[in-house]
Q: 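This is the structure I have questions about; it appears just below.
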Amino acid sequence: THKPTPGHLALENNVPANEYLMLQGGQFSKSRRHAVWLPSYLEQYDADALRYYLSINMPETHDTDFRWDEYVDRVNNELIGTYGNFVHRVMTLTHRLSSEGTNPLSPFDSPPAHASGDYLTAKWGETIDQIGELISSAIDSMEKQRFKEALRSIMGIAQIGNSLLQDAAPWKYLNEDMSDEKQESMSLLALSWRICGCLAVCMRPFIPFSSERLWKMMGNESDIDHVLWDDSMDTESPLSWSPEKPEPLFSRLDLEEILE
């Protein structure tokens, strides 16, 4: 905590270190061929799925165990079930709307000035505040080298998005005439679109390849690495758009197939 005087060394005061990562209850061992062989793995599976599991299972304060059944469960139920499904639903629902070369949610990209406007203004504000708190928590965790904790906070943003989308139920109104209910639902879908952009930026350190795919899928032309976490929940810039059909970010894993 004190600045060194001339001729003295500045000693490190924050040295992060992990404990041990085990494999199926035993130590990794190349000689005993008890390991995860990356070249073979990457020939068949997505690198980001493994990166997610290693990050959420990081042995930061105590030893942890790499278990294939838990790996499949976390990828299928968390990475895909919570994050991937939210993003894909937002993308596919938006692409079902009529577009003339721009994002069809642009007319709904703010709370409307009608009877439900007060509710939507409050909902937008509440959601943005909640996400801001999670981003701040994630930044604080990263600065303390608590990467697993940071990732949990970011996944909390995806959970907020899922709840928002479920409440909005935009699939009910895609083919309906305009009404206050449809206006409200589409406005929350537009907010969900912005949450997807936030997630692409915040998940970048953990799952960089799928984050880049999502960023481009949304039609963003800027460099994702130039966006700070503090600025990731952008509600000011025009909504981006790509006419390309959205594709799922991940494929579900099958435990028996992996163990063959």
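The model shown is predicted, which means the values in this text are computed figures rather than measured ones.
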Q: Starting from Met22, can I reach Phe28 by hopping between I/L/V/M/F/W/Y residues whose side chains sit under 4.5 Å apart?
A: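 Different clusters: Phe28 never reaches Met22 through Ile, Leu, Val, Met, Phe, Trp or Tyr contacts under 4.5 Å.
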Q: Please determine whether residues Leu255 and Trp37 belong to a single hydrophobic cluster, defined as Ile, Leu, Val, Met, Phe, Trp and Tyr linked transitively by side-chain heavy-atom distances below 4.5 Å.
A: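 Unlinked, Leu255 and Trp37 end up in two clusters.
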Q: Answer yes or no: is there a donor N or O on one side and an acceptor on the other, between the side chain of Asp231 and the main chain of Val227, under 3.5 Å?
A: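 A pair under 3.5 Å: no.
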Q: Relative to the ring of Trp68, is the ring of Phe66 parallel (under 30°), tilted (30 to 60°) or perpendicular (over 60°)?
A: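 Perpendicular.
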Q: Rounded to the nearest 0.5 Å, what's the gap from CG on Leu23 to NE2 on His34? Could you check?
A: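 Going from CG on Leu23 over to NE2 on His34, the span is 3.5 Å.
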Q: Side chain to side chain contact (heavy atoms under 4.5 Å, CB included), that's the test. Do Met186 and Leu97 meet it? Break it down for me.
A: CA-CA 10 Å; Met186 294 299 105; Leu97 296 169; 4.0 Å; yes
Q: So does Leu249 get a backbone contact from the side chain of Ser210, meaning a donor-acceptor N/O pair under 3.5 Å?
A: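 Side chain of Ser210 to backbone of Leu249: no pair is present.
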Q: CG/Leu79 to CZ/Arg74 distance, rounded to the nearest 0.5 angstrom?
A: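 Leu79 atom CG to Arg74 atom CZ measures 11.5 Å (nearest 0.5 Å).
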Q: About how many Å separate CG of Leu151 and CE of Met142, when rounded to the nearest 0.5 Å?
A: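 Those atoms lie 9.5 Å apart.
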Q: Under the 3.5 angstrom rule, does the side chain of Lys182 hit a backbone N or O of Glu176 as a donor-acceptor pair?
A: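 Yes: the side chain of Lys182 pairs with the backbone of Glu176.
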Q: List the steps and the verdict of side chain to side chain contact (heavy atoms under 4.5 Å, CB included) for Met91 and Met218.
A: CA-CA 8 Å; Met91 296 294 108; Met218 296 180 69; 4.0 Å; yes
Q: Using distance alone, with no hydrogens and no angle criterion, decide if Glu70 and Tyr53 have a side-chain donor and acceptor under 3.5 Å apart.
A: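 Indeed, the side chains of Glu70 and Tyr53 share at least one donor-acceptor pair under 3.5 Å.
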Q: Nearest 0.5 Å, what's the CH2-OG distance between Trp193 and Ser240?
A: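 Rounded to the nearest 0.5 Å, the CH2-OG separation comes out at 5.5 Å.
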Q: Might you work through the side chain to side chain contact (heavy atoms under 4.5 Å, CB included) test for Asp46 and Val75, ending with a clear yes or no?
A: CA-CA 11 Å; Asp46 189 345; Val75 169; over 6 Å; no
Q: Between Tyr20 and Gln27, is a side chain to side chain contact (heavy atoms under 4.5 Å, CB included) present by the stated rule, with each step listed?
A: CA-CA 9 Å; Tyr20 290 100; Gln27 292 184 346; over 6 Å; no
Q: Do Ile195 and Leu228 share a hydrophobic cluster (ILVMFWY, side-chain heavy atoms under 4.5 Å, transitive)?
A: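 No, Ile195 and Leu228 fall in different hydrophobic clusters.
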Q: Answer yes if Val15 and Phe147 sit in the same cluster of Ile, Leu, Val, Met, Phe, Trp and Tyr residues linked by side chain heavy atoms under 4.5 Å apart, and no otherwise.
A: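 Each belongs to a different hydrophobic cluster.
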Q: When Ile157 is tested against each of Thr127, Thr82, Ile135 for side-chain contact (heavy atoms from CB on, under 4.5 Å), which residue passes?
A: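 Only match with Ile157 under side-chain contact (heavy atoms from CB on, under 4.5 Å): Ile135.
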Q: Quick check: does any side chain N or O of Ser187 sit under 3.5 Å from a backbone N or O of Gln183, one acting as donor and the other as acceptor?
A: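 It does not hold such a pair.
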Q: If we ignore hydrogens and angles and just use 3.5 Å, is the side chain of Thr92 paired with the main-chain N or O of Arg89 as donor and acceptor?
A: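 Pair found, side chain donor or acceptor close to backbone of Arg89.
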Q: Does any N or O in the side chain of Asp65 come within less than 3.5 Å of the main-chain N or O of Arg67, such that one atom is a donor and the other an acceptor?
A: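 Side chain of Asp65 to backbone of Arg67: no pair is present.
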Q: Distance from Arg146 atom CZ to Asp140 atom CG, nearest 0.5 Å?
A: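 Between atom CZ of Arg146 and atom CG of Asp140 there are 7.5 Å.
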Q: Look at the side chain of Ser185 and the backbone N and O of Ala168, then say whether any donor-acceptor pair between them is shorter than 3.5 Å.
A: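 Judged by distance alone, yes, a pair lies under 3.5 Å.
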Q: Verify, without hydrogens or angle tests, whether Gln145 (side chain) and Glu143 (backbone) share a donor-acceptor contact under 3.5 angstrom.
A: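 Yes: the side chain of Gln145 pairs with the backbone of Glu143.
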Q: Rounded to the nearest 0.5 Å, what separation is found between the CD1 atom of Ile131 and the CZ atom of Arg194?
A: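 It is 12.0 Å, given to the nearest 0.5 Å.
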Q: Can Asp48 and Arg213 be counted as an ion pair, charged N to O under 4.0 angstrom?
A: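 Looking at Arg213 together with Asp48, the answer is no, because their closest N to O distance does not fall below 4.0 Å.
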Q: With hydrophobic residues grouped by side-chain heavy-atom distances under 4.5 Å, do Phe209 and Ile207 end up in a single group?
A: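 Each belongs to a different hydrophobic cluster.
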Q: For the side chain of Arg96 and the backbone of Asn175, is there at least one donor-acceptor N/O pair under 3.5 Å apart?
A: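 No; zero donor-acceptor contacts below 3.5 Å.
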Q: Quick one about Thr94 and Trp241 (side-chain donor to acceptor, distance below 3.5 Å, no hydrogens or angles considered), yes or no?
A: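 Per modelled atom types, Trp241 and Thr94 side chains form no pair under 3.5 Å.
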Q: Measure from the side-chain N and O atoms of Asn103 to the backbone N and O of Leu105, and report whether any donor-acceptor pair falls under 3.5 Å.
A: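 Checking the backbone N and O of Leu105 against the side chain of Asn103, a donor-acceptor pair under 3.5 Å is found.
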